[in-house]
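Input: a single structure, listed below in structure tokens.
Both backbone and side-chain heavy atoms feed into the values below; hydrogens, waters and symmetry mates do not. All ligand and atom numbering here is 1-based and tracks the order in the structure.
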Amino acid sequence: MRNLKNILVTGGAGFIGCNFIHLLLEGEPEFTGRIINLDALTYAGNSASLTDLAGQFGTQYCFEHGDICDRGFVDALFKKYGIDTVVHFAAESHVDRSIYGPETFIKTNVMGTFTLLEAARNAWKEGDGVLFHHISTDEVYGSLGETGAFSETTPYDPRSPYSASKASSDHLVMAYHHTYGLPITLSNCSNNYGPYQFPEKLIPLMILNIVEGKPLPVYGDGKNIRDWVYVEDHNRAVWTILHTGVTGEKYNIGGENEWENIRLLHTLIDLVSQKAGLDPEKVRGTITFVKDRPGHDRRYAIDCSRIKRELGWTRKVGFEEGLAKTVDWYLANTSWVDGIRSGEYQRWVEKTYGERCRY
Ligand code: NAD
Ligand code: DAU
């Protein structure tokens, strides 16, 4: 069992990163270490997701505003805080944006990961009691047909600029282990959902559009399949790997919970309508089939038997419970939603919506 003391969390103001920080500080009483959250606060980063943690947890939580591509800044953080663990969430994460503008994906996801690896290699000359954990995605494996699931040995076959940039970063992380002996672990997870997710992604976008009576844009025929896992279950898996994962190894994480997009949307319509007092049949009338995402992966499914078998991780939150919690959270946190939608996000959605709707 590793003793984690000074954890550099990158991208801790984003969806999964902020949930990870909340979990450690509020849900893991035995955690006595310190979290240093390094985030550039891009359009997807939101300090409102971490309000008052510094006040509540004192020196156990520190925020550092900066870019993971800035080598001098990252080196200084390793020194200032004596970092022994890196949990690397920071990334450009939205597939549609990577199609419209791939460059920042290469900068942050490839060059940013490279910069962090170099800083860790430089700071951790001894290599004892340190760990670099890289957060990645099932999208690196490509697209599945009607059967089968991605395992840790499935060859990489990324098909969007986003997944190609994540695949590159995974390869760099592995290469630093094999070449320099850097102690690393890596995880590839399926689609996350839960509180604090940026409302450009399917589930929060649909929840908010249903409530606001806006069109519900379904790409292509709506029959693409994703595997959904509640964000807290993903983060518990990461926490497990940090403690007991084998150095140099990778672990798949998933929900074993496959849904066609259109079926998921009908379920969400029923749930949100019931909670918000809407007529589900009227809401169904706002479903709009739009132009498909170029290179749209048809199906993802994750075989996560390894982390279950070897590290004893299991999911705790069923899909029905997780979706209900998520809908309740978005209905209750309107000021968070208004805040995140007031800036660059709104402009991007408006600028590209027309194009995305031409079928
Ligand atoms: P997100 O877009 O919500 O958050 C990304 C965070 O990274 C933001 O806070 C942003 O400000 C920060 N960031 C971006 N560029 C940065 C830079 N150059 N320097 C410092 N900070 C920067 O993303 P997310 O959905 O929370 O995903 C987190 C990680 O998990 C990513 O690596 C993603 O590839 C991976 N992942 C996501 C999912 C999912 O379903 N969301 C599933 C599997 C894996
Ligand atoms: O699989 C893990 C990946 O899941 C992560 O690596 C990514 O960071 C994360 O964004 C997510 O990628 P997806 O492309 O699967 O998620 P998204 O929410 O964008 O889309 C889910 C599915 O819904 C996908 O088939 C596209 C479809 N979709 C999406 C949107 C936003 C629609 O039909 N309409 C929409 O408006």
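- Close contacts between ligand 2 and Leu205 involve ligand atoms 36 (O) [criterion: under 4.0 Å to a heavy atom].
- Side-chain atoms of Thr267 come within 3.5 Å of backbone atoms of Arg263 as a donor-acceptor pair (strictly under, hydrogens ignored).
- Side-chain atoms of Arg2 come within 3.5 Å of backbone atoms of Gly245 as a donor-acceptor pair (strictly under, hydrogens ignored).
- Under the 6.0 Å cut-off for aromatic ring centres, His94 and Phe198 do not qualify, their centroids lying 6.0 Å or more apart.
- Here's the thing with Thr137: one of its N/O atoms is less than 3.5 angstrom from an N/O atom of ligand 2.
- Taken together through direct or relayed side-chain contacts under 4.5 Å among Ile, Leu, Val, Met, Phe, Trp and Tyr, Phe105 and Tyr100 form parts of separate hydrophobic clusters.
- Distances below 4.0 Å separate heavy atoms of Lys201 from the following atoms of ligand 2: 10 (O), 18 (O).
- Taking the six-membered ring for Trp and the full ring otherwise, Phe31 and Trp239 have centroids separated by under 6.0 Å.
- Every atom of ligand 2 is numbered from 1 in the order shown, and the set under 4.0 Å from a heavy atom of Val95 is 14 (O).
- Not a single N or O atom of Asn224, backbone or side chain, sits closer than 3.5 Å to an N or O atom of ligand 2.
- His133 pairs by the ring pair (Phe, Tyr, Trp, His ring centres under 6.0 Å) definition with nothing, not counting sequence neighbours.
- Summarising the contacts of atom 19 (O) of ligand 2 with Arg293, Met206, Arg226, Arg298, the nearest heavy atom is found in Arg293.
- Protein residues are said to neighbour a ligand when one of their heavy atoms lies under 4.0 Å from it; for ligand 1 these are Gly11, Ala13, Gly14, Phe15, Ile16, Asp39, Ala40, Leu41, Thr42, Ala44, Gly45, Gly66, Asp67, Ile68, Phe89, Ala90, Ala91, Ser93, Thr108, Ile135, Ser136, Thr137, Tyr162, Lys166, Cys189, Ser190, Asn191, Asn192.
- Listed for the Asn224 side chain is a donor-acceptor partner under 3.5 Å among the backbone atoms of Asp297.
- Counting atoms of ligand 2 from 1 in the listed order, those under 4.0 Å from a heavy atom of His296 are 24 (C), 25 (O), 26 (C).
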Give the table of side-chain donor-acceptor pairs shorter than 3.5 Å for residues 319-326, with sequence neighbours excluded, one pair per line with atom names and distance.
from	atom 1	to	atom 2	distance (Å)
Thr326	OG1	Gly322	O	2.6

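- Of all atoms in ligand 2, listed by their number and element, those nearer than 4.0 Å to a heavy atom of Tyr300 are 1 (O).
- Within ligand 2, the atoms closer than 4.0 Å to a non-hydrogen atom of Val218 are 33 (O), numbered from 1 in the order shown.
- Relative orientation of the Phe132 and His88 rings is perpendicular, given thresholds of 30° and 60° on the angle between their planes.
- Put simply, part of Glu200 is less than 4.0 Å from ligand 2, judged by heavy atoms.
- Judged by a 6.0 Å distance limit and a 45° cone about the ring axis, Arg121 is positioned over the six-membered ring of Tyr180.
- Counting atoms of ligand 2 from 1 in the listed order, those under 4.0 Å from a heavy atom of Tyr162 are 5 (C), 6 (O), 7 (C), 8 (O).
- Considering both main-chain and side-chain atoms, Pro217 comes within under 3.5 Å of ligand 2 through a nitrogen or oxygen pair.
- Checked by distance only, ligand 2 and Asn191 come closer than 3.5 Å through their nitrogen or oxygen atoms.
- Taking the six-membered ring for Trp, His234 and Phe20 have ring centres at least 6.0 Å apart.
- Counting heavy atoms under 4.0 Å from ligand 2, residue Leu202 touches it through both backbone and side chain.
- Side-chain N or O atoms of Ser273 include none that pairs as donor or acceptor with a backbone N or O of Asp270 at under 3.5 Å.
- Annotation: side chain to side chain donor-acceptor pair (under 3.5 Å) contacts of Tyr176 (sequence neighbours excluded): Glu118.
- The His94 neighbourhood of ligand 2 comprises atoms 19 (O), with distances under 4.0 Å to a heavy atom of that residue.
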